[in-house]
Structures are given as C-alpha cells and as structure tokens.
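Values in this document were obtained by computation on a predicted structure and should not be read as measured data. To find a chain, count down the sequence lines: A is the first, B the second, and so on, and within it residues start at 1.
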Amino acid sequence: MAVERYNAPEREKHWQEIWQEADLFAAKADDKRPKAYILEMFPYPSGRIHVGHSRNYTMGDVFARYKRAKGFNVLHPMGWDAFGMPAENAAMERKVHPGAWTRENIAAMREQLKSMGFAIDWSREFATCDVDYYKHQQKLFIDMMKKDLAYRKSSKVNWDPVDNTVLANEQVIDGRGWRSGALVEQRELTQWFFRITHYAEELLEALDTLDQWPEKVRIMQANWIGRSEGAMVRWAIEDKGAAAGIEEIEVFTTRPDTLFGASFLAIAPDHPLAKAAAKNKPEIAEFAAECARQGTSAADLESAEKKGVDTGLRVRHPLDPDWLLPVWVANFVLMDYGTGAIFGCPSGDQRDLDFARAYDLPVVPVVLPAGEDAATFEIGDTAADGDGTMINSRFLDGMNPKQAFDEVVSRLEKEKLFGKPVANRKVNFRLRDWGISRQRYWGCPIPIIHCGDCGVVPVPDDQLPVELPEDATFDAPGNPLERHPTWSKVDCPQCGKQAKRETDTMDTFVDSSWYYVRFTAPHADKPVDAKEAGYWLPVDQYIGGVEHAILHLLYSRFFFRAMTDAGHAPKATGKGSNLREPFAALFTQGMVTHETYKSSEGAWLPPESVVLEGEGKDRSAKEAKTGAPVTIGPIEKMSKSKKNVIDLDEFIGNYGADTARWFVLSDSPPERDVIYTDVGVEGARRFVQRIWRVISEIAEKAAAKDAPKPEKFGPEATELRRAVHKALHNVGRNIEALRFNVAVATLYDLANVLGSSLQKDGEGHDWALREAGEFTVQMFAPMMPHLAEECWSRLGYNTLVTNQPWPEPEPALLVDDEITIAVQVNGKRRDELKIAKDASKDEVEAAALALEAIVRALDGRQPKKVIVVPQRIVNVVV
RNA sequence: GCGGACGUGGUGGAACUGGUAGACACACAGGACUUAAAAUCCUGAGGGCCUAGCCCGUGCGGGUUCGAUUCCCGCCGUCCGCACCA
C-alpha cells in the first residue's frame, strides 16, 4: 500500500519541542554513568550558519547521541567565540555597534542550530563577549601575570601610516593597507605577551601522550615548537668604532661542525648591530627600510628573494684568528629566532647557498656525502645538508658531523672571548612567546593601569571587571578605546594619582583557550569551579577544522597549564589528577566546498542566483535574472566572502534538518572536504523518504512489538538477522571511529536488504522483521534523530528512541560458517574458493589446487610453494 | 620559502593490521508501473581484447615482498598552516 510522504520540516519541529520539554540534554555531574565530554570548536558569530558550518556540529552531535545511547553521561555544550575584527569592521561600515551586531548574529545562529535538532545543553551557552565571561579571563590574566607568565616587551606590528592604525596580516595585501592602500611599514610597540616558551619542553614532550590525536597534528605542533640542539658561538668584531662600540656578535647554530665552511655572517635588518651600522651607511638604512615594508608575516619574508647588504664590518673566525669574515644584513634572518644572527655555510645550507651565489661569496664544501670523491666533489645548486665525512676542516677532517660537532663545541667552550667562553651548548626553540595585545575595541580589555609613579599596576580584584565602554565611536580607523574621552582615565589603585588604563585588548585566541573549561561550570562566580572541571575534563572528543591544528590547539594546551599553575586548577579526581592536557581526543574534519561563480563584472554571485546548463566540458552558467554570462570558478570552501554558501534555513525549509545531517555525513570521509552538490542532496532526501516507506511497511508486516522471540528461525529470517546484526556491529564501530561515511554506506546497504526481505516469508520472519526495523531505527537515530523518532512511534512505541540504549549484536550472528577466499597463482587472482570457515590449512590448499581454473593456470607446472593465509587467501607460486 | 597532509572508475568514495581493488551512493543505459510524466521498483556496467578466457588498471617512475591502494625512495599535482582572520 502507498505510504504518505514524510513531511520533514513539520515533524522535525514537533520532535524538537518534545525533546525540549523532556529536557533530555541538560548535563549533570556526579552521575553513576561514565562521563563523556564532547565538544565542537565553537563558532564565530559571523551572521548566519551555512551548510558548511553545520558539518562540524553534526559530527559532534552524532557522536554525542551515540555515546548517550551507549550509557554515557554526556556533556555537549555550545557557545560563541564572539570577539573579533569582523564586528568592528561592520561597525565602521554600517554604523552598528559591534556588540549589537554580534548579539543579533548570535540570536539568528542559535535558532539555526536549534533547528538542526542538536542534542546540546543550551543552559550552558555563553558568548566570550559576555562580561560574565571576560571578567574571569581578566582575573586569569592577572594571576598569570603574578606568576610571570604574562609580561610586556617591544615587538613589531604592521602599521598603516595613512589610517594610523595597526593592521592584521590579512589586512595587508601586497604590502599595502587594505583600506587606505598605503605602503605598510613595520613599527615597534610595547605589547603584552604570554610566556608560552616557559612550557616549550613540556608542550613538546606531552605530545607523545596524546595518542588519540591525529599524527599529523602532533607532527605539525612538534615542528612548530621546533626544538633544536646547537651552540651559541661568539664572534669578535674587528672594527669596533664602526660598530658603535659593539664588540661581538652572538650566533646560534645547529651546525657548529660546519664552522670551517663559513663564508659570512648575516644579521637581521633590525639587529642592534644593523641599526648601529645603518647610522654610518645609508644603504643599510635604506635596505632595512625596504625590509620593513615587506610586512611581518613569515610566509612573505621567507618566500621573498634573498637579499642583503654588506655592512663593511668584519669578524674573526672563532677557530682561526687570522680569518676575517664579512657581516651582511640579510632579509631572511629573523630577529625573533635565535639571536637574530647566523653564520652562513653555503655548502651545507640551501638558503645560505642561494645567498652566497647571489652575492658571489665563497662556497667551501665541508661535508662529503657518502659515495662522493673528495678530489672532484663540488657544490652545484644544491647544498649538501646530509650526513657524510668532514673535509676542508683541518682538525675535523675524517670525522662524521656528529663527532665534529662535539669536538668544535668542547674546544670553544674552553676558549675565552672577553673573559667568557667562545661557545656553549644550547637548546633553542622556534616557538616564540605569544603576543596577545591588540589595538582594537572588540576584545577583552587587558586589566592593567599605567601609573607615572607606580608603573604597571594590575587592576585589583574588587575593581574587576574592566568593562568595555558602550559609547565608543567607530567612525574612524584606529583604536576606539585609545580615543575615548574618559574611559582610559583612572586613578592609580596604588597611589591614587591620575593614571591611564591599558587600551590594548586581548587576542581572541585567549578567549578560545579556556572556554571548554568554563562550559563545565558556566555560571560559577570564579573562573573555574574546581569540582565541576575535575569531573568533566578533559574533553573526551574535540572536533574542529584542521586549520586550527597549530595555533588554537597549542595556545589552549599552554593556557590550560598556565591557568592551572596560576591557581585555577580543576580538582584532581581519580583519572584526571595532574591533568595537563585539555583535549584527550581530537578529530579534525574537512570543509564543505562549493563551486564559485563570478559575474562578468567580477563580482561573486551566490549559487541561488545562477542557472547551470549542460554537462562536463559543455557546462556553462548564466545569471538567473538577466541571463548574463557567468564564469564558473574553482571549488572552494564555503565562505561568506566568496558567496558560495548554501544557507541553512533555506535548506531546512526545503529538505529538513535530517537531510542536511545525512548529506554532510555521507560519502566523503569526515576528515576530508565534501563538495556540496544538488544531486548529492537529492540522494540524501530520497533516502529519508525511502527509510520512512520501508519502516512503515515493516510496521505493518512485522510481528507485534511484544511478541516472544521464536525458538527457531527459517533461512530467510536468519539471513535477515545476520545482515542486521552485522550492520549493527559495523555502524557502532564506525561511529565510534568517527567514520560516518562508512556508517552511512552500511545503512544504505541495510536498507537494500530490508527492502528485499519485505517480499520474503518463512519461520520467524515476522519477528526478524520487527527486530530489523527497530535496530535500523536505532542505528540511524544519532544521524537522523527526528526521522528516527517518527519511525519509532510508527513501530508502535510511545517512548523516545533518543532514550533507548544502543542494542548489542548477537556474536553468533556476526560470523559466517562458510567463507569465500581468493586463490592466486603468482599473485594474480584466478578463482575463488568457498570453504568452511574453520577448514585447516591442508584442506584449503587441497581444495584450492583442485579448482579447475587453477589447474588450467598451472598448466601442468609443479607449485614451488603454496602460501595459505587462513580465512584470507591462497597463493600458488610456480 | 618552510612545515604538514592528500591523490583510487564518468563522479563522491570503500578496502579491518601487506591478502579477491572499485562496497555503498550519484550520474548513465535498459526494463517494469503509468494515457503521459514525476515518484518508485528491477537489471547492467573500471578500461581493453583474439570474450568458455586473457591483458591492463589505485597521480608518475623505481624498490621491498609469494602478494603493494597499503611499506620505502624520487618526482608531479592539489589542499591546509606559517604566529594580528577566526
């Protein structure tokens, strides 16, 4: 009989109301069940949720619902990463207050998330721009400062000389300010830093304990921290007059063994010596200014052509006082790394080689790679940075680099320059302290007061929070806090004299470095409720984009330690005692991508305004309204700026939340990108309807819901039960491993089986059908929860499937008595063999050799060897 | 430039730990139902050839192995991050 269509939008609303009334997802600590804290990286409230965002939350939700069914006490909260630049840009462009803009966006996005039917404990929701959140962050800052984990120092920013404002790296386009178009320059400012380097060693070593993190993220973090063992080597400057009294240059090197291959020293353009030298040589000043116009980003610096200027200064080689080397200023040497000075060994380092070739500096090979002849070996375009034998290195000749390293360092440790050892061993990290100062309004104010007499004074606890002034102006670039007429004027808390508030606000990465702690007790009157945090932490499954693999995750790992050490530790409970890592398991998911469209004027067009025609190479597009031609651009991650987004409301209105959920889980492995296509969505929508039909038919044909389990099952029923129990096993296993696309495929498979078994009959079949229907509904319930509730009630229940425990498969139904294995001859498959699962090796071999196709393939030749891997394969070698 | 990943039919992808490559889905073709269409259901299919069978095939080139999508080396391409986007 015909089954009426499932009206997803209408039924979904219904079930969401039911869940809300039952208050199913509110989490409470102190439960007898084991806990599971499941968290997706919280969103920036940019305006509206699109299908791209929804994937991340859907994955978390499937996992949370599954864990709930498996008997865990689940915490699955949601909040808003609400500070940041876009709100301030909106304020400038549209004259809305950043706060108002943000609140509006949050309200809209909250409704969108709710319409997806996520199993979220909304009572814990907060935004990082809530005073009640950031006031605790100010307290954390002060306590970290007291532990010397926050401090001030000078560092560089991108400065727009026309707008008189600091620019973010992304606001610098080809060296110019994005609004003014002015050439950006580097400028030094005194700014606040977190001492993340204090934890460099620990953050590196603890990576080994994160066995539920993707290997690639751990590798990236390890490289980012960049521990290297080397030596500090001091070089005496020959002409001190020219160097403004500076006597030496200290260099960090990981390769002291290659010292005899040195041909120059290079210093950063902002190295003190470079600054001193610039006073006498205008071309150095000019070069430094040119470098300062390159922007501050490492990618720009390192991909720029290697350039330099000879300072004219000369230094003495530490191993040979008669050997003088030139000192260059070079754009590829970074003041932030090591000492801001290097010695160049062109034969052993590609960057040094490129530089030496450009400026005709000597290239002396010092490491002879294995297999090369010392007499003929020459360096071409590629540096020899590998292992080998030392040559051209006097007393080091014949050693390997490791021995030479030790020899050089121990010699130089004993030598003195100006009364101190010439060299000493040193462990260096690439990791730099975290600069958190932002010269902007929409962020957490740094709770500091600057007093002419007392200096830097933290705001006392009883004067917290330092709130942002509502009446700031956004009509001009620059920091609204700085130009506010009264806000920064305060009395010094120590001496009472007139003083000035710190007008820098914190990097928004600070906000997101501890929000997962706050979720454990979002209304507590101190930053951390030790008991709640101790119960829920660590986060058992954290889900977010790979783009956060380094910064957000490393900052969070640091901040969690720092706040703990500053007196805000979770209370140790059993397993969680001495908790240092906030995220026990991490999953990095891929983006949802979509084609981009551009009008003939070069403007981005949203997909709904474009009509597509043809297929393959003949595909073309035009504007729906005007018919004007449209360029089909590359497939890129859905983003507002490129307009290639599918709005969630519209989607849900058309298809329903379950279709959206099913679509983003289907096909693509979750860690990889998924391309949004209309046909893909159609497929998901059809499946929703198909499931509804199949379950409805099962509800009619199956045994009554309390019918006793039959003693015996006929072959049809057994076949069905095998398929269902296997699917149950696989779906559970794959959700557990977050391989949602495979779980989805398993369910497609099962739906095919259910469809055909509806035509069948036999002993116990009606009971098997009911079991199949119920298990199937439970299996897809985490993914399509609304449809599952609808089907559950169709099957005659007035309970909620959301509250049902995950069924356990019967082990006996998971194994087949007879299996099929492939038979190969010389590694090529020639036939397959059906044989009892527990057949012995000899039986398998005999049966395989008797196969007609094998006899033919052997063609009378005697097998040299027969490899039998039980239950897998037979390979006959001739 | 540096660091990290990824690459399988027309398409998205599957393949547990080195053991039958292409599950499942989309698109396509044929059929059933229908006055017709939509919807639904059934069937087919990696490519090639001398088609009872054989050969080729997981970006390209090598290697290890009885056996490689899987491990190793080199290359090409794409994507992510690079410290003030979040």
Side-chain angles (χ1 to χ4, degrees), chain A residues 2 5 41 43-44 46 81 83-86 157-158 166-172 191 214-217 219-220 222-224 226 296-306 332 336 350-351 354 431-440 507-509 512 545-552 554-555 588 590-591 593 615-616 636-637 666-669 671-675 677 679-680 682-684 686-687 689-690 693 733 739 741-742 744-749 751-752 755 820-833 853 856 864-867 869 871-877:
Chain A
R5 278 179 73 78
M41 292 180 185
Y44 178 77
S46 58
D81 190 10
F83 276 135
M85 285 204 309
V157 294
N158 298 309
V166 177
L167 297 178
N169 283 337
E170 71 157 12
Q171 297 174 320
V172 180
Q191 309 206 76
E215 177 79 11
K216 62 173 172 177
V217 174
I219 292 171
M220 279 192 265
N223 288 334
W224 186 260
T296 57
S297 95
D300 288 344
L301 292 175
E302 288 181 45
S303 47
E305 191 191 342
K306 281 156 199 62
F332 63 92
D336 290 318
Q350 193 60 43
R351 273 196 308 200
D354 294 343
L431 183 69
R432 306 198 300 260
D433 277 338
W434 172 15
I436 60 157
S437 279
R438 298 293 181 270
Q439 293 70 37
R440 282 190 256 283
D507 180 3
T508 57
F509 272 126
S512 55
V546 239
E547 67 273 23
H548 295 294
I550 297 176
L551 291 181
H552 162 61
L554 190 61
Y555 287 155
T588 55
M591 314 285 150
T593 59
E615 263 180 59
E636 297 193 55
K637 123 176 155 191
S666 302
D667 286 354
S668 269
E671 69 278 9
R672 230 186 280 177
D673 291 349
V674 58
I675 303 174
T677 59
V679 289
E682 272 306 316
R686 268 206 297 272
F687 187 69
Q689 295 297 338
R690 181 156 169 230
R693 273 196 312 275
R733 193 166 55 93
R739 290 143 39 100
N741 60 321
V742 188
V744 163
T746 306
L747 282 165
Y748 269 115
D749 229 349
N752 292 340
T820 306
I821 60 176
V823 182
Q824 301 176 330
V825 176
N826 284 342
K828 278 190 178 144
R829 193 188 86 92
R830 293 295 161 180
D831 203 355
E832 53 186 36
L833 177 66
R856 189 170 54 233
K864 214 190 281 172
K865 197 162 144 197
V866 180
I867 292 151
V869 183
Q871 296 177 46
R872 284 218 193 275
I873 206 162
V874 179
N875 191 7
V876 184
V877 186

Per the atom types in the model, does the base of B:rC84 pair as donor or acceptor with the side chain of A:Gln171 at under 3.5 Å?
no

Candidates B:rU40, B:rG81, B:rC84 - which lies nearest the side chain of A:Ile550:
B:rG81

Just by modelled atom types, is the A:Asp667 backbone N or O under 3.5 Å from a matching donor or acceptor in the A:Asn741 side chain?
yes

Hey, is the side chain of A:Thr508 poking within less than 4.0 Å of OP1 or OP2 on B:rA86, counting only N and O atoms?
yes

Looking at the side chain of A:Ala298, which of B:rG13, B:rA83, B:rA86 is the nearest nucleotide?
B:rA83

Just to be sure I understand the rule, does A:Gly226 reach a base, reach only the sugar-phosphate, or reach nothing, if contact means heavy atoms closer than 4.0 Å?
nothing

Angle between ring planes, A:Phe687 versus A:Tyr748, binned at 30° and 60°: parallel, tilted or perpendicular?
tilted

Using only heavy-atom distances, decide whether a donor-acceptor pair under 3.5 angstrom links the side-chain of A:Glu547 to the base of B:rC82.
no

Starting from C1' on B:rC85, measure out to NE2 on A:His552 and report it in whole angstrom.
15 Å

Does B:rC55 have its OP1 or OP2 closer than 4.0 Å to a side-chain nitrogen or oxygen of A:Arg830?
yes

Main chain of A:Gly827, side chain of A:Asn875: is a donor-acceptor contact present, judged purely on distance under 3.5 Å?
yes

Reckon A:Glu682 touches a base, only the sugar-phosphate, or nothing at all at heavy-atom distances under 4.0 Å?
nothing

Is the phosphate of B:rA83, meaning OP1 or OP2, less than 4.0 Å from a side-chain N or O of A:Arg432?
no

Between the CZ atom in A:Arg438 and the CE atom in A:Met85, the distance rounded to the nearest 0.5 Å is 9.5 Å

Spacing of CZ belonging to A:Arg440 relative to CG belonging to A:Asp507, to within rounding of 0.5 Å
9.0 Å

Under-4.0 Å side-chain N/O to phosphate OP1/OP2 contact, A:Ser668 with B:rG12:
no

Show your working on side-chain contact (heavy atoms from CB on, under 4.5 Å) between A:Phe509 and A:His552 and close with a plain yes or no.
CA-CA 6 Å; A:Phe509 272 126; A:His552 162 61; 3.8 Å; yes

Any donor-acceptor pair under 3.5 Å between the side chain of A:Arg672 and the base of B:rC6?
no

Show me the protein contacts with nucleotides 19-24 of chain B, counting only N or O atoms at under 3.5 Å.
residue : atom : partner  : partner atom : Å
B:rU20  : O2   : A:Arg829 : NH1          : 3.2
B:rU20  : O2   : A:Glu832 : OE1          : 3.1
B:rU20  : N3   : A:Glu832 : OE1          : 3.3
B:rU20  : O4   : A:Thr820 : O            : 3.2

Evaluate the criterion side-chain contact (heavy atoms from CB on, under 4.5 Å) for residue pair A:Val172 and A:Asp300; output intermediate values, then yes/no.
CA-CA 11 Å; A:Val172 180; A:Asp300 288 344; 5.7 Å; no

Which way is the base of B:rG9 turned, syn or anti, if we draw the line at 90° from 0?
syn

So if I take every side-chain heavy atom of A:Glu302 and compare against B:rC2, B:rC84, B:rC82, which nucleotide ends up nearest?
B:rC2

